[in-house]
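Right, one structure below, let's go through it.
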Amino acid sequence: MLDIKLIRTDPDKVREAMRRRGSEAPIDEVLALDERRRALVTEVEQLKARRNQVSEEVARAKRAGQDASEIIAAMREVSDRIKALDDEIRDVEDRLHQLLLVIPNIPHESVPFGESDADNVEVRRWGQPRRFDFEPKAHWDIGTRLGILDFERAAKVAGARFTVYKGAGARLERALINFMLDVHTQEHGYTEILPPFLANTDSMTGTGQLPKFAEDMFHCEGTDLYMIPTAEVPVTNLHRDEILDGDRLPIYYVAYSACFRAEAGAHGRDTRGLIRQHQFNKVELVKFVRPEDSYDELEKLVADAEDILRRLGLPYRVSMMCTADVGFAAAKKYDPEVWMPSYGRYVEISSCSNFEDFQARRANIRFRRNPKTKPEYVHTLNGSGLAVGRTLAAILENYQNEDGSVTIPEALRPYMGGMTRIEPEA
RNA sequence: GGAAGGGUGGCCGAGCGGCCGAAGGCAGCGGUCUUGAAAACCGCAGGGUGAUGAGCCCCGUGGGUUCAAAUCCCACCCCUUCCGCCA
């Protein structure tokens, strides 16, 4: 959520930011409602001040045993007016709030202008895509042939875009989760969280999934619960409506969770394999930091995600999202992308964002620099470290052998009981 | 799911419809005293809006009654205990 004061004092800056994003935003309507609200508030507050004053007089008179029926009668009218004004204010504020909730964040000045994802900018590249001296297969073929991924039975059990992992495949997924959690907790300084996988409307609104993106999520009928599309939601909302002690910042959390996405509107895209699923595993990094540190923290966050790819020996590049692709809530976003032989290109495997105070304002997450000062909004960041299913797919493809087996990356072997290869079932 | 009890400031905990943004205690901060510390004593200390002012608002949330609600009424949410069910 943007600061209403910013919209009020510099509406052109906001309009320009929306134009750069290619987003429509009801700025004029916001300004009109804001003005209306402030006029009403001024009026009602004057009346309330009078009511409070007179109430005291009534109390004093009654205590003195005097009759106060005249003032009481006079105040009835004032009270009615107050009630009417309060009703109108509530109505105006509701509408204003609804509008503010659908206005996206302002991209940081370092974000390049662009009109589509084609305008994203590659910032660095690591590793060399392997040259195969045989025809490399796609991970769905590799996994199916090895008997470690079962798409058909998953479709029977749940439907399209679900996968059953089996044997060494299930273990490899679990190994990746544990490996990532261990690296981030033991070497990058994150505290592990295992959050609820369902979250309520307030939480979804706090991080920005609602109200705009309801159709992307699974909703549990008859409840106020949504299945989380990312651990960002429960973990960021851990500190909703809190005032954090400045000494505690920065806070780093890492959380494994299953993630659930309806993928409405993705018909026909990535229909095969693990790339686009209704349910997938992810290890998510979340930070709460001081505003002045958030861009340094973003760079460190990306580096933490990249570290996993390097240790796994997976070639990747990092793209900086342009204004058109930065995402609703983010001010700046980097996407680490892994080399995927079956796609013949780099595929998003993480997404690291600085939301500045956009989420903090929605979720009311603040901190106090020192005991005397007013609370300020924190900056929140998050990034995948990494998407586990896509990582497994990348390993199958990049580490495949001509005989159909897959070599297990060095770093994962301790998590696989020393296993070095996944061989086809006998 | 059923029954009972409860949600007040960082924590504990009072609160007769008006003098309650709210006693008291603890923790915190500043000071006096002390070589220093503790103790004792004095003082400051919630959040929002706004200009560090005035005013206004906030006692789980939302309605209602009233000239006036932390206090009365209704609904909802959450917590605790007991029972039932259950991984």
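Only a predicted model underlies this, so the values are computations on that prediction, with no experimental measurement involved. Throughout, a chain's letter reflects where its sequence line sits, starting with A, and its residues are numbered from 1.
Screening Asp216(A), Asn200(A), Thr201(A), Leu198(A) against Tyr226(A) for a side chain to side chain contact (heavy atoms under 4.5 Å, CB included) leaves a single residue, Thr201(A).
The C1' atoms of A51(B) and C41(B) are separated by 37 Å, rounded to the nearest whole Å. A gap of 13 Å separates the P atoms of G9(B) and G46(B), to the nearest Å. Of the P atoms belonging to C20(B) and G15(B), the separation is 16 Å, rounded to the nearest Å. Comparing the P positions of G13(B) and G17(B) gives an interatomic distance of 23 Å, to the nearest angstrom. Annotation: G48(B) and G43(B) have their P atoms spaced 27 Å apart (nearest Å). Atom P of C26(B) sits at a distance of 12 Å from the matching atom of C42(B), rounded to the whole Å. Atom name C1', nucleotides G18(B) and A54(B): the rounded distance is 23 Å, in whole Å. Rounded to whole Å, the P atom of C83(B) lies 31 Å from the corresponding atom of C73(B).
Here the C1' atom of nucleotide U49(B) and the NZ atom of Lys48(A) are 12 Å apart, to the nearest Å. Here C57(B) presents its P atom at 9 Å from CG of Asp86(A), a figure rounded to the nearest Å. We find that CD of Glu43(A) is positioned 15 Å from P of C57(B), with the value rounded to whole Å. Distance Arg368(A) CZ to G46(B) C1': 8 Å, rounded to the nearest Å. Atom CG of Asp224(A) and atom P of C78(B) are 10 Å apart (whole Å). At whole-Å resolution of the value, CZ in Arg366(A) and P in G47(B) are 9 Å apart. A straight line from CD of Gln46(A) to C1' of C57(B) spans 16 Å, rounded to a whole angstrom. Summarising the geometry, the separation between CG on Asn364(A) and P on G47(B) is reported as 13 Å, rounded to the nearest angstrom.
Side-chain nitrogen and oxygen atoms of Asn52(A) include none within less than 4.0 Å of the OP1 or OP2 phosphate oxygen of G55(B).
Proximity of Tyr295(A) to His108(A): side-chain heavy atoms (C-beta onward) are separated by under 4.5 Å at one or more points.
Under the Watson-Crick or G-U wobble criterion, with both distances below 3.5 Å, U61(B) is paired with A75(B). Under the Watson-Crick and G-U wobble criteria, each requiring two contacts below 3.5 Å, nucleotide C41(B) is paired to G31(B). Pair check for A3(B) finds U81(B); Watson-Crick or G-U wobble, both atom distances under 3.5 Å.
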Show, in sequence, the C-alpha distance, side-chain angles and deciding distance for Phe218(A) and His278(A), and conclude whether the ring pair (Phe, Tyr, Trp, His ring centres under 6.0 Å) test is met.
CA-CA 9 Å; Phe218(A) 289 106; His278(A) 284 314; 5.5 Å; yes
Step by step, would you call Arg413(A) with Glu410(A) a salt bridge (charged side-chain N to carboxylate O under 4.0 Å, His left out)?
CA-CA 6 Å; Arg413(A) 292 179 189 171; Glu410(A) 204 85 53; 3.3 Å; yes
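His239(A) has its ring centre less than 6.0 Å from the ring centre of Tyr253(A). Side-chain rings of Phe288(A) and Phe367(A) stay apart, their centers remaining 6.0 Å or farther from each other. You'll find the ring centres of His379(A) and Phe358(A) outside the 6.0 Å limit.
A side-chain donor-acceptor contact under 3.5 Å links Ser351(A) and Asp335(A). Side chains of Thr380(A) and Lys287(A): a donor-acceptor N/O pair is absent below 3.5 angstrom, by distance only. Between the side chains of Glu337(A) and Ser319(A), at least one donor-acceptor pair of N or O atoms lies under 3.5 Å.
Checking C56(B), G18(B), G47(B) against every side-chain atom of Ala59(A), the shortest atom distance belongs to G18(B).
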Where do N or O atoms of nucleotides 50-52 of chain B meet protein N or O atoms at under 3.5 Å, pair by pair?
residue : atom : partner   : partner atom : Å
G50(B)  : OP2  : Lys5(A)   : NZ           : 3.2
G50(B)  : O6   : Lys374(A) : NZ           : 3.4

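With sequence neighbours excluded, no residue forms a salt bridge (charged side-chain N to carboxylate O under 4.0 Å, His left out) with Arg272(A).
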Which parts of nucleotides 64-75 of chain B does protein reach within less than 4.0 Å, heavy atoms only, written one letter per nucleotide 5' to 3' as B for base, S for sugar-phosphate only and - for none?
-S-BS-------
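Annotation: of the two residues near RNA chain B, Val41(A) and Arg60(A), the 5′-most nearest-nucleotide partner is Arg60(A). Mapping Ala49(A) and Ile243(A) onto RNA chain B by nearest heavy atom places Ile243(A) at the nucleotide closer to the 5' end.
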